[in-house]
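Owing to the predicted nature of the structure, the values given are computational and were not obtained by experimental measurement.
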Amino acid sequence: MSTHEEHSSFIKTPQQLVVVILLSFVVPIVSIVLLVKLVLSQPSADPAALAPEAVAARIQPVARVEFGAAAAPAGARQGEDIVKGTCAACHQAGVANAPKIGDRASWAPRIQQGLKGMLAIAIKGKGAMPPRGGDASLTDAELTRAIIFMANQSGAQFKESAAAAAKKQGK
């Protein structure tokens, strides 16, 4: 056994030898050309890049906070808006035995109590319904408009003028 092993090359065929020789000339030449081009090139910036609008667009915050429109002042909200924002949470699905909007059978006994009786219940609360439906900012007039809207969807024939009369009787 010999103490020296024979060296082997990764080039086994003449075609491999030709490719290696060509690459040994082409790779350095391409690298030198690209390096010279990089060194000799003049840095150029977009003239519009420093315009105030372009700068503002680049440094704008990642997110923005937008607040919704200001809420209507107390007493000015319409019944439909109040129902959508407050009452529908329970009365749309009938949560905790709340009469569903549009269910004439469940609203009939309440409608028979009249607008004044329903307003008194809404002001004080009943069962799982908190006073004023959970929105303490609702005025009596707004509650009345919301009750009229829901009751009329469920078979009542209340008018807005009846709301003013019920409010006067309630005082």
* Hey, mind stepping through Met129 and Cys90 against side chain to side chain contact (heavy atoms under 4.5 Å, CB included) and telling me if it holds? -> CA-CA 9 Å; Met129 183 177 79; Cys90 297; over 6 Å; no
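Here the rule is side-chain contact (heavy atoms from CB on, under 4.5 Å) with Leu143, and of Leu119, Ile82, Thr86 only Leu119 fits it.
Grouping the Ile, Leu, Val, Met, Phe, Trp and Tyr side chains by contacts below 4.5 angstrom, directly or via other members, places Leu34 with Val26. Val33 and Leu40 fall into different hydrophobic clusters, where Ile, Leu, Val, Met, Phe, Trp and Tyr are joined by side-chain heavy atoms under 4.5 Å apart, directly or via other members.
In this structure, Leu17 belongs to a hydrophobic cluster whose other members, linked by side-chain heavy atoms under 4.5 Å apart, are Phe10, Ile11, Val20, Ile21, Phe25. Grouped by direct or indirect side-chain proximity (heavy atoms under 4.5 Å, Ile/Leu/Val/Met/Phe/Trp/Tyr only), Val18 sits with Leu22.
Remark: side-chain polar atoms of Arg145 are paired, donor with acceptor, to backbone N or O of Arg77 under 3.5 angstrom.
The two atoms that bring Pro28 and Leu23 nearest to each other are CD-O, 3.8 Å, heavy atoms only. Taking both residues in full, the closest heavy atoms of Pro109 and Ala105 are given as CD-O, 3.4 Å, listed atom of the first, atom of the second, then distance. Listed here is the closest heavy atom pair of Ile101 and Gln153: CG2-CB, 3.7 Å. Taking each heavy atom of Ala49 and Ala54 in turn, the nearest pair found is O-CB, 3.7 Å. The minimum heavy-atom distance linking Ser154 with Gly102 is given by the pair OG-N, 2.8 Å.
Using a 4.5 Å heavy-atom threshold, the side chains of Gln113 and Ile121 count as touching. Contact annotation: the side chain of Arg58 approaches that of Val55 to within less than 4.5 Å [non-hydrogen atoms, C-beta and beyond].
The number of heavy atoms from other shown groups lying within 6.0 Å of NZ (Lys12) is above 12.
Residue pairs meeting the salt bridge (charged side-chain N to carboxylate O under 4.0 Å, His left out) criterion with at least one partner in residues 81-103, sequence neighbours excluded, are Glu80-Lys84. Residue pairs meeting the side chain to side chain donor-acceptor pair (under 3.5 Å) criterion with at least one member in residues 117-135, sequence neighbours excluded: Arg132-Asp140, Asp135-Ser137. Residue pairs satisfying the ring-ring contact (aromatic ring centres under 6.0 Å, His included) criterion with at least one member in residues 107-155, sequence neighbours excluded, are listed as follows: His91-Trp107.
With sequence neighbours excluded, no residue forms a side-chain hydrogen bond (donor to acceptor under 3.5 Å, both in side chains) with Gln112.
Atom CG of Asn152 sits about 11.5 Å away from atom CD1 of Ile147, to the nearest 0.5 Å. Taking CE from Met118 and NZ from Lys116, the interatomic distance works out to 13.5 Å, rounded to the nearest 0.5 Å.
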